[in-house]
Amino acid sequence: MTHAAHHPATKPFRKRFADAAEPYLYSAPALILIVAVMLVPLVLGISYAFRDIQLLNPFSGRFIGLDHFRALGQDQAFFRALRNTLWWTGASVFLQFVFGLILALLLDKPFAGRGLAQALCFLPWAVPSFLAGLNWAWLFNPVIGPLPHWMYAFGILDAPNNILSDPQLAMWGPIIANVWWGIPFFAITLLAALQAIPRDLYEAASIDGAGPVQRFISITLPFLAPTIAITILLRTVWISNFADLIVVMTNGGPADRTQIVASYIFTQAFKRLDFGYASAIALVLLVLLLVYSLLIVLLRQTLLNKD
Amino acid sequence: MRTRQLAFTVAHRLAILAYIVFALFPLFWLLKVSVTPNDLLYSEGVRMWPSRATLEHYTFVIAHSAFPTFFKNSLIVAGSTAVTVTILASLAGYALSRFRFRAKYWIVALMLITQMFPLVMLVAPIFKMLSPLGLTNSLTGLVIVYTAFNVPFATFLMQSFFDGIPKDLEEAAMIDGATQFIAFRQIILPLTLPGIAATLGFVFTAAWSELLFALMLISGNDAATFPVGLLTFVSKFSVDFGQMMAAGILALIPACLFFLLIQRYLVQGLTAGAVKG
């Protein structure tokens, strides 16, 4: 490209056209696939939100305008799911971030066997999500899992019961499974960002007499801030859409206490085969997530401009 | 000062050890259940290790179930997806890393939006689109769908690897008369091998564990991948947990192996991207 920029006048039209087309040629295969397999179905899916689509009903499919959204406005289960989504996403992201940051800081120090330790710490990420869900459901079951007995012994529980069937505590089950599964993602991205911080900054700060806490606050955190912001944004969106663990572990129960919007969509689509209504809910969730992302991006812009 | 340092080191190692125990304990439990004989499953449910261990679940799963077929299907699907995604993402990531062009902003926006919405929303439309093409109930259909789902993140990942490689390298080659594509293929790609390994492994693990679309698009045993197959254990063998966990452990092996091999490149690659900011 720079080569081309030196003498644009001498270039024949065909060469200039080829130069301009080059980036498009590189990205075309990926783009065509994304448009065909994701964007087109997305538009179709959005159109379903305004139609009566029931998979097993051959007479369905007509256009019904905003009926689904009116029904949604009356749907108490949906609003409960929305509140549960906030709780599920907030707690999961917060705990994953805190423990991910601690783990990244621990792994950032050189020590013998660090490669192995790092590999083992990151291993949960490789476990298929539904297998992780099944496995944690086992661990929480007092008949075949040790966790209720341990929690009873430590006085966290009054009796060694399954927290997944306790309406007050059930949400903690999937959250803990999710934290276990998702810490590596935060740790990997934060560790990468940590390793990019120039080491001499720390040395200079030490010479100036800064303690470890001071160094962390005035060097590490500012350097990590952009990574933290983008990772939290991406993970929030991703976790609000992530229904696997809840579907496998509690299926939204007991009494809908763990039903989040994503698992509610799943239930509508696969148990009731009502794809129209499921699409309408998904559309609302999509809009909420877009608004959230936009707010975060705007907030980041104003913060950056202030400096 | 010495003792403080020592105390700090000990605390550091203990914290790492505690986390490793937390990370591995659920996997250990999976292993424990898979070697527990059926008659001890509930009576010794809470013991750390059964008084009598057995490999019978493993031999049953390998010799008498459709699991080898599921395993082979998953290997084909995850392998083809990983290779296809890596090729497409290298090309697209290179374009985003090295060229300034008008549509770049829109391409990034499009890829970010694909990460936003619940994929459940796509199940019905994709089923309706693939079915007339004969791509439902086929491994090819799954590969196409998984490839599309994984390309956006893989593209960002590859872009960060390319960003970490100085531009002067291909500029020098181009002054010597090579086209940009030749410079890309012969100079830049070999330098990004760690990045390619990371992307391959990342996509392989993701495709290996996908359940939702495999469940919707595949109906027979012949084309079932292992997550779908694992669920058939629930119905067919009246929830034989021992066999199910044995199958789960076997299925974990390729994903974990792949992941162990690539995880350090994942950190490296993200670092390379971060350096350039």
Side chains of [X] and [Y]: does their closest heavy-atom pair fall under 4.5 Å?
X	Y	result
I183(A)	F22(B)	yes
M111(B)	I34(A)	yes
L106(A)	Y19(B)	no
L252(B)	P128(A)	yes
F8(B)	P212(A)	no
L33(A)	I144(B)	yes

Given that the side chain runs from C-beta out, which part of [X] has a heavy atom under 4.5 Å from chain B: side chain, backbone, both or neither?
X	answer
P142(A)	backbone
A36(A)	backbone
S240(A)	neither
L39(A)	side chain
F242(A)	neither
W181(A)	neither
I197(A)	neither
L285(A)	side chain

Main-chain N/O of Q115(B) paired to W238(A) side chain as donor or acceptor, under 3.5 Å: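 Checking the backbone N and O of Q115(B) against the side chain of W238(A), no donor-acceptor pair under 3.5 Å is found.
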[atom1]-[atom2] distance between [X] and [Y], expressed to the nearest 0.5 angstrom:
X	Y	atom1	atom2	value
M245(B)	L131(A)	CE	CG	7.0 Å
I113(B)	L290(A)	CD1	CG	6.0 Å
K109(A)	H12(B)	NZ	NE2	6.0 Å
L44(A)	M129(B)	CG	CE	6.5 Å
I126(B)	L42(A)	CD1	CG	10.0 Å
L88(B)	L31(A)	CG	CG	10.0 Å

For chain A, which of [options] has the most heavy-atom pairs under 4.5 Å?
options	value
G248(B), S90(B), P227(B)	P227(B)
L30(B), V145(B), V151(B)	L30(B)
G93(B), A92(B), A23(B), A89(B)	A23(B)
A251(B), A206(B), P26(B), A95(B)	P26(B)
E210(B), R13(B), R102(B), K32(B)	R13(B)
T155(B), T114(B), L119(B)	T114(B)

Side chain, backbone, both or neither: which part of [X] has a heavy atom under 4.5 Å from chain A?
X	result
I87(B)	neither
T147(B)	both
V33(B)	side chain
F202(B)	side chain

Side chains of residues 110-126 of chain A: which donor-acceptor partners sit under 3.5 Å, not counting sequence neighbours?
| residue | atom | partner | partner atom | Å |
| --- | --- | --- | --- | --- |
| R114(A) | NH1 | L107(A) | O | 2.9 |
| R114(A) | NH1 | D108(A) | O | 3.1 |
| Q118(A) | NE2 | Q263(B) | OE1 | 2.9 |

CA sep, side-chain torsions, deciding dist, call: V127(A), L27(B), side chain to side chain contact (heavy atoms under 4.5 Å, CB included): CA-CA 9 Å; V127(A) 178; L27(B) 298 179; 3.6 Å; yes
Test side chain to side chain contact (heavy atoms under 4.5 Å, CB included) applied to V248(A) - qualifying residues, sequence neighbours left out: F130(A), L134(A)
Y26(A) and F184(B) aromatic ring geometry - parallel, tilted or perpendicular at 30°/60° bounds: perpendicular
Aromatic plane relationship, Y24(A) with F101(B) - under 30° parallel, 30 to 60° tilted, over 60° perpendicular: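 If you compare the ring of F101(B) with that of Y24(A), the planes turn out perpendicular.
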Top contributor to chain B contacts, counting heavy-atom pairs under 4.5 Å, from V40(A), N135(A), L289(A), L286(A):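 Among V40(A), N135(A), L289(A), L286(A), the one with the most close pairs to chain B is N135(A).
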Pairs of heavy atoms under 4.5 Å with chain B: top-ranked of P146(A), A282(A), A30(A), S27(A): P146(A)
OH/Y292(A): more than 12 non-hydrogen atoms of other groups inside 6.0 Å: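 Buried by this count: over 12 neighbours within 6.0 Å.
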F275(A) and K128(B): CA distance, side-chain angles, deciding distance, side chain to side chain contact (heavy atoms under 4.5 Å, CB included) verdict: CA-CA 12 Å; F275(A) 277 97; K128(B) 287 200 169 169; over 6 Å; no
